[in-house]
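Worksheet for the structure shown next.
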Amino acid sequence: MTGTQSNSFSLLDKRIQQYIWSEKWEALRDTQELAIPAILTGNIDTIISAATAAGKTEAAFLPALSYLLSVDPNGLIIYIGPLKALINDQFLRLEKLCALLEIPVWPWHGDISSSIKSKFRKNPKGVLLITPESLEATLFNQGSSLNGIFSRLLFVIIDELHIFIGSERGKQLQSLLHRIEVIRSKRIIRIGLSATLGDMSLAAEFMCPNRTDAVAFIESKNDTKDLLIKVRGFEEPAHTICKPSSSLTNIIEAVDIDADVDVTSKNTSKQPAIAPAQIATDLFDVMRGSNNLIFPNSRADVELFTNKLQELCEFNKVPNEFWPHHGNLSKELRSETEEALKQTEHPATAICTSTLELGIDIGSVKSVAQIYPPPSVASLKQRLGRSGRRDNEPEILRGYVVEKEFGNDNPSLADDLRLSTLEFTACISLLIEKWFEPPVLNGLHLSTLIQQILSAIGQDGGIYAGPLYQLLCSNGAPFSGITKCDFLDLLSNLGKKELLMQDSSGLLLHGRVGESIVNHFSFYAAFSSPAEFRIVAGGTTLGTLPVKMMLKKGQRILFAGRTWSVEDIDDDKKVIFVQRARGGVPPAFIGGRGRVHTKVRQRMYELLLSEDTPSYLDNMAIKFLVQARSFFKKKELEGAKFIDQGEQVTLLTWLGDNANEALSCLLGFHGISAIASGPTIEVQKRGSSVDSVIKVLHVISHSDLPNVDLLLADASNIEREKWDWALSPGMLRQSYASLYLDLPEAIDWATQVA
DNA sequence: GACCTGCTGCGGGATG
């Protein structure tokens, strides 16, 4: 490469240019060309978006390091990554270049020894690679020396920006960045790296609230890949237990366990589902011989399919090629699977949850299987991005849907309308159009506000209410929607819960409960994890299991793809002792589905109206689609808003879960008992008629919006985030509503109908 | 309500 071919190249520090020559790069990537001049100005926030990891990190670091060398060789760049594994990867990538430039690189997360951390604190310069949680710990514990640590901070680089948008952890990150700027009394330039973002302005709003107009957007133009799709349908006989709608039944039946037989077959009228076995057989045939990822949607199903696929290998006397990967498996078992994927001598396929959806390097993957509809279009896109990573290789998606055979028993509307097939097809058609769910930016995340209050008190050794409000809730601060009145209400509630106390001058300090919370390292994470049992076999920990159901000695469970029998349970130490056994049921993970977006539901409806048959459906899947359409036609459901079913009325809204839940709340507020159910709302008539429901919808569409306190007055079980338990009932309702209720969409529907 | 992510600094004692 020469300077004449690339203007951007010549702008870089000479030593970095030499490094690029010595690495024999043929050319800078398009994102790098564009990012270099923007970042080198040293005063523009930048978002770099490209599909794969190809060169995004370099697009940020080459100019950032050049800038550092020219402006302040003792300056500091902070890189924030969501995963420890990612920080380790980036450390290896940066080490060589930075050694050449004589710039130190500091990896910093929970597994890094404290001697490295204290060395950095003594000489805070170079590149710091850190997690949000470790950054939180630094702010909390190093209050008096923070000015020194951040005094020469030049850039903050945020990797996998899209992972943070719209979550508790993202709110925490915004707050940390804001607190650092307050310490420095100056703007810190932010650089975000991300997979393709649907709406760049939302990402900018997240990364730089209140100063979005100055953000430079850099999007790769080389992101298009060929996409091959096949969706296979499987029909579950009427007399068997059908996934996924009956997963809860499975779990409840799995509780009674003294018998030796597989408990799911104890019920004489129901046989275990046969579709999973058929799907496993198909996967065994098409996946063997190459590297692939298989995504069922739950940890229980990861165990189920791993078990079936490993049995098939055994039965056919071939070496095992199938490995499980999910968040409850121990680090050792997970890295075993990761190693199997990375090595190139033997083919390997992982059956996994979203653990392998994130950006850890697992080598190249030929195809991705999705069993049952994906949780969202965004997650389907992310999963698919793991295949075809080499140039000229297509992305390959193999989908599997299961529908119940029409039998004698009363089928539900969901069965008749073949909702699984419709939802999966809708997701694929939106994926092809490059649409995916936008992140929700308006969540209040008041749970995280509590954490940040406790952390700010720790940082300063106590703080008065006024400056605290100024820090966290004023204009441009991360919780700027909170009024002074709400804030005081929150503080007084935190006092009642003994999270806070005030000294005689009014200074806010940690209360008795607050003290014990902040003194445990679990304080630093903004999100919570459920209590879990360790599973131990012969002295080796296999992993952890969130046990919410009763467990008994002698029970069989599936874990890490194998069957175990429970030998002993230590409730105090939270340990389950097991040994190998044969036959078993999936572990009792409780689960439903994620939340479906309105756009997906409307595409499902459009699919019912259309007569096109997508070419990627196999004959069985086409049969499901034809059945759904003929039922839709026979029942004259086009344009229908209500189905009168005797005791209840079904409202056919075809809206997303947030809108349906909001409409249910509104109906409840007006005295009508309603519950959101998939694309519909079930209304109990209780003697009234469809007309009276329409009247209420009319009232809803013509009234002012009732406040959230009244709407959620009867709602229980709405605590979702880590410190939600410490919110007053009113603030808890506000926080919940901001995340899970779409009132405008609900009212819009009521207006159309009434 | 799918799934996932993450987590201190110190002081004492042993060792080189």
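All chains are named by letter (A, B, ...) in the order of the sequence lines, taking the proteins before the strands, and each is independently numbered beginning at 1. In this text the structure is predicted, and so the values were computed from the model without any measurement.
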Discussion item. Quiz question: going by heavy-atom distance under 3.5 Å, is there a donor-acceptor pair between the base of dG1(B) and the side chain of Arg720(A)?
Written reply: yes
Worksheet, complete the sentence: Among dG1(B), dA2(B), dC4(B), the one nearest any side-chain atom of Ser354(A) is dC4(B)
Worksheet entry | Minimum-distance nucleotide to Glu661(A) side chain [options: dG6(B), dA2(B), dG1(B)] | dG1(B)
Worksheet, complete the sentence: Picking from dT8(B), dT5(B), dG1(B), the nucleotide nearest the side-chain atoms of Arg595(A) would be dG1(B)
Discussion item. If you assign Glu719(A) and Ala85(A) each to the DNA chain B nucleotide with the nearest heavy atom, which residue ends up on the more 5' nucleotide?
Written reply: Glu719(A)
Worksheet item: NE2 of His162(A) versus P of dT5(B): gap in Å, rounded?
Response: 14 Å
Worksheet item: Among Thr138(A), Ile112(A), Ile149(A), whose side-chain contact (heavy atoms from CB on, under 4.5 Å) with Phe120(A) holds?
Response: Ile149(A)
Practice prompt. Would you indicate, yes or no, if dC4(B) has its OP1 or OP2 atom less than 4.0 angstrom from a side-chain nitrogen or oxygen of Thr355(A)?
Written response: no
Worksheet item: What is the distance from CZ of Arg383(A) to C1' of dA2(B), rounded to the nearest Å?
Response: 9 Å
Practice prompt. Look at the side-chain N and O atoms of Ser522(A) and state whether any lies under 4.0 Å from the OP1 or OP2 oxygen of dC7(B).
Written response: no
Worksheet item: Does a nitrogen or oxygen in the side chain of Arg299(A) sit under 4.0 Å from OP1 or OP2 of dC4(B)?
Response: yes
Item to complete: Tell me whether Phe527(A) is stacked on the nucleobase of dT5(B), counting only the six-membered base ring and applying the 5.5 Å and 30° thresholds.
Response: yes
Worksheet item: Between atom NZ in Lys84(A) and atom C1' in dC4(B), what is the gap in whole Å?
Response: 13 Å
Discussion item. What is the separation between atom CD on Glu133(A) and atom P on dC4(B), rounded to the nearest whole Å?
Written reply: 16 Å
Response to the item:
Out of dG6(B), dC7(B), dA2(B), minimum distance to the side chain of Ser298(A) belongs to dA2(B)
Practice prompt. Using side chain to side chain contact (heavy atoms under 4.5 Å, CB included) as the criterion, list what pairs up with Ala674(A), not counting sequence neighbours.
Written response: Ser664(A), Leu667(A), Ile681(A), Val683(A)
Worksheet entry | Carboxylate-amine/guanidinium contact Arg595(A) Asp742(A), below 4.0 Å | no
Practice prompt. Using atom CG of Asp724(A) as one end and atom C1' of dG1(B) as the other, report the distance to the nearest whole Å.
Written response: 14 Å
Discussion item. The criterion is side chain to side chain contact (heavy atoms under 4.5 Å, CB included); which residues satisfy it with Lys599(A), sequence neighbours excluded?
Written reply: Leu430(A), Trp435(A), His597(A)
Worksheet entry | Under the ring-ring contact (aromatic ring centres under 6.0 Å, His included) test, residues paired with Phe150(A) that sit two or more places apart | none
I'd like a list of close polar pairs between nucleotides 9-14 of chain B and the protein, N/O only, cut-off under 3.5 Å.
from: dG9(B); atom 1: OP1; to: Arg121(A); atom 2: NH1; distance (Å): 3.3

Practice prompt. Taking ring-ring contact (aromatic ring centres under 6.0 Å, His included) as the test, write out the residues that go with Phe206(A), two or more places apart.
Written response: none
Item to complete: Apply the side-chain contact (heavy atoms from CB on, under 4.5 Å) test between Tyr79(A) and each candidate in Ile158(A), Val105(A), Ile157(A); give the one that qualifies.
Response: Ile157(A)
Worksheet item: Excluding sequence neighbours, so at least two apart, what forms side chain to side chain contact (heavy atoms under 4.5 Å, CB included) with Cys665(A)?
Response: Leu711(A), Leu712(A), Leu741(A)
Discussion item. Side chain of His326(A) only, heavy atoms from C-beta on: which candidate in dT5(B), dC4(B), dG1(B) is closest?
Written reply: dC4(B)
Worksheet item: Rounded to whole angstrom units, what separation is found between the CG atom of Leu176(A) and the P atom of dC7(B)?
Response: 13 Å
Discussion item. My understanding is that only residues two or more places apart in sequence, or in another chain, count here; which of them pass ring-ring contact (aromatic ring centres under 6.0 Å, His included) with Tyr740(A)?
Written reply: Tyr736(A)
Item to complete: Could you pull out all residues at least two apart from Pro132(A) that satisfy side chain to side chain contact (heavy atoms under 4.5 Å, CB included)?
Response: Ile80(A), Phe164(A), Arg169(A), Gln172(A), Leu176(A)
Discussion item. Please report the distance, rounded to the nearest Å, between NZ in Lys331(A) and C1' in dC4(B).
Written reply: 17 Å
Fill in: Sugar-phosphate, base or nothing in reach of His109(A), heavy atoms under 4.0 Å
sugar-phosphate
Discussion item. If I take atom CD1 in residue Ile371(A) and atom P in nucleotide dC3(B), what distance separates them, rounded to the nearest angstrom?
Written reply: 15 Å
Worksheet item: Using a heavy-atom distance cut-off of less than 4.0 Å, which residues of residues 732-743 of chain A contact DNA chain B?
Response: Tyr736(A)
